[in-house]
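Inspection log for the structure reproduced underneath, given as structure tokens.
Numbered from 1 within each chain, the chains take letters A, B, ... in sequence-line order. As the structure is a computational prediction, the values presented were derived from the model and not from experiment.
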There are 2 protein chains.
Amino acid sequence: MNETPRPMRRNEIRAMNETLILQAAEKVFAEAGFGGATMQLIADVAGLPKANLHYYFATKEELYRRVVGNIFEIWLHAADSMDGAETPAEGIGAYIDAKMDISRRHPDGSKVWASEVMHGAPVIQDYLETTLRDWTAGRAALIQRWIDEGRMAPVDPQHLLYMLWATTQHYADFGHQIETLNGGKPLSEAQWNAAKASVKQIILRGIGVL
Amino acid sequence: MNETPRPMRRNEIRAMNETLILQAAEKVFAEAGFGGATMQLIADVAGLPKANLHYYFATKEELYRRVVGNIFEIWLHAADSMDGAETPAEGIGAYIDAKMDISRRHPDGSKVWASEVMHGAPVIQDYLETTLRDWTAGRAALIQRWIDEGRMAPVDPQHLLYMLWATTQHYADFGHQIETLNGGKPLSEAQWNAAKASVKQIILRGIGVL
DNA sequence: TCTCTTCCTGACCGTATGGTCAGATTGCAG
DNA sequence: CTGCAATCTGACCATACGGTCAGGAAGAGA
């Protein structure tokens, strides 16, 4: 029953508690939505008194904003895998892999993001209109270049991107449905690989690079 | 300023008000989520006093359950288009058309459904485990039959279904994102047709029937 | 017309929520 | 060791929420 006597540094305390709160918040927001989530529940999950949450994050909305921002960063960086690619098959295949991994490893964050967009993006509309718009334009141009060079079938780049987002994100957002249809059990390692293979197979053949 | 003097029949009153409330509820639940929606706001949108809502629907959860049930019916019936098909291309193409039309015509309902599943299906878990499971098994078997007959490429039927759901539903659930990336304007008639065509093109080629 | 049932609604209630604050505790610089 | 600033938290507050209810208004059947 001896307690760790080591005193904590100020920096450590702040970093640790912020992380603790953000993790708890992500989970609770994912499960209950912004409106359904309560600061009390987040505090309980984080193992801190509610008043302590308000010490680190002034309002519920500020905390929520941070959670959404975090997942948005992860989401955006998945595109790096698409850039260095030699071929369309390689680039888009890697992007699918990356986004499927996000769905698997950050299901809560994915749900929070989906929920935010679904409700009209009340707090991250500016992101959509700047960062995301630029990002999308860039990738659409890259895909269009591939098409112009005759390296893949002529499809609408925008709708291809939507399909990639939708399909990969589905495994996080509708994970509960998938789990139910899987006999109530989460997908196994092998099943995740099969899912990735299926998605890549259909889409890559669909754009004529298989 | 003359008011319509015709007295309303009992049946009419009930049917009209229930419809009015359900429509308002669908909209509000879609915009705010279950937790974020308030009976007061639904009442305002419906143009009725809040107490009147509780006369027709005892609790918020009962009202929500009805909204979810309604969209689930529509969602399930979209599969009828898949059944009478002569070829896989025809059947799956028609299913994509039907589900894209649902996304377009019932975006609010689609969002409510997505939100419900995303949050672990707290009120319609039984549907998932019975109706949806049977439905899915049936369609997967149909697709598998097509594959066995060599009429389409050998893909995992389950993951193909997920891709169909994800891609079509995306145009409703992430409609705000799509709208933002479309310069802030909703998709036009022509753009919706282009979207349908793109989705069908990629998927149908992806399963080797184009 | 009269009676019964359905429909309607303003006022009200208990509770839970987001947020505040004064004061205790604790790491840290000098 | 001392003083300061950062961290912590139980108690508290105003508000908004879901839901109730008594009593009035209005069709329906005789």
Side-chain angles (χ1 to χ4, degrees), chain A residues 3-29 31-68 112 115-116 119 122-123, chain B residues 3-29 31-68 112 119 122-123:
Chain A
E3 40 198 289
T4 62
R6 188 170 78 76
M8 270 198 166
R9 301 251 182 81
R10 283 268 154 86
N11 295 343
E12 287 177 329
I13 292 178
R14 221 188 165 82
M16 175 188 236
N17 281 344
E18 282 194 357
T19 304
L20 218 55
I21 294 170
L22 284 169
Q23 283 177 345
E26 182 176 289
K27 187 177 175 189
V28 173
F29 282 134
E31 283 172 1
F34 178 80
T38 69
M39 294 296 270
Q40 185 61 62
L41 183 55
I42 294 173
D44 291 346
V45 172
L48 296 172
K50 191 185 67 162
N52 209 351
L53 261 67
H54 282 99
Y55 175 73
Y56 286 102
F57 301 91
T59 66
K60 184 183 176 185
E61 187 174 321
E62 183 184 321
L63 175 55
Y64 175 74
R65 195 184 294 265
R66 280 282 298 275
V67 171
V68 173
V112 174
S115 190
E116 163 68 9
H119 298 143
V123 315
Chain B
E3 39 197 292
T4 61
R6 188 170 79 77
M8 271 200 166
R9 301 251 180 81
R10 283 269 154 87
N11 294 343
E12 287 178 331
I13 293 178
R14 213 179 175 88
M16 175 188 238
N17 281 344
E18 281 195 359
T19 304
L20 217 55
I21 294 170
L22 283 170
Q23 283 177 345
E26 183 177 288
K27 187 177 176 189
V28 173
F29 282 134
E31 284 172 0
F34 178 80
T38 69
M39 293 298 270
Q40 185 61 63
L41 183 55
I42 294 173
D44 291 346
V45 171
L48 296 171
K50 192 185 68 161
N52 209 350
L53 260 68
H54 281 100
Y55 175 72
Y56 286 102
F57 301 92
T59 66
K60 184 183 176 184
E61 186 173 323
E62 183 185 322
L63 175 54
Y64 175 74
R65 196 183 293 265
R66 280 283 298 274
V67 172
V68 172
V112 173
H119 297 144
V123 314

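- For the OP1/OP2 pair of D:dA28 and a distance below 4.0 Å, the side-chain nitrogens and oxygens of B:Asn11 include no atom meeting the criterion.
- Atom NZ of A:Lys60 has more than 12 heavy atoms from other residues, nucleotides or ligands within 6.0 Å.
- Counting only heavy atoms from C-beta on, B:Ala51 has its side chain closest to D:dC21 among D:dC21, D:dG18, C:dC28.
- The side chain to side chain contact (heavy atoms under 4.5 Å, CB included) test applied to A:Glu26 returns A:Val67, A:Asp108, not counting sequence neighbours.
- Set against C:dT9, D:dA28, C:dG27, the side chain of B:Asn52 has C:dT9 as its closest nucleotide.
- The overall bend of the helix from C:dT1-D:dA30 to C:dG30-D:dC1, read as the angle between its terminal helix axes built from five base pairs each, is 20° when rounded to 10 degrees.
- Classified by interplanar angle (parallel below 30°, tilted 30° to 60°, perpendicular above 60°), the ring pair B:Tyr64/B:Phe29 is perpendicular.
- What you find for A:Met39 and A:Leu53 is that their closest heavy atoms are O-CD2, 3.7 Å.
- Listed nucleotides C:dC28, C:dT6, D:dC8 differ in distance to A:Arg10; the shortest reach to its side chain belongs to C:dC28.
- Contacts between residues 54-64 of chain B and DNA chain D, defined by a heavy-atom separation below 4.0 Å, involve B:His54, B:Thr59, B:Lys60, listed by number.
- Along DNA chain D, the nucleotide closest to A:Lys50 and the one closest to A:Leu53 are compared, and the more 5′ of them pairs with A:Leu53.
- Crowding of B:Glu62 atom CD: a count of heavy atoms from other residues, nucleotides or ligands under 6.0 Å exceeding 12.
- Contacts classified as side-chain hydrogen bond (donor to acceptor under 3.5 Å, both in side chains) and involving residues 36-52 of chain B (residues at least two apart or in different chains) are given here: B:Gln40-B:Asp44.
- A:Arg9 has no side-chain polar atom (N or O) that falls below the 4.0 Å cut-off from OP1 or OP2 of C:dG27.
- Within residues 32-49 of chain B, the residues having any heavy atom closer than 4.0 Å to DNA chain D are, in order of number, B:Ala37, B:Thr38, B:Met39.
- Partners of B:Glu18 by salt bridge (Lys or Arg N to Asp or Glu O under 4.0 Å), not counting sequence neighbours, listed by chain and number: B:Arg14, B:Arg66.
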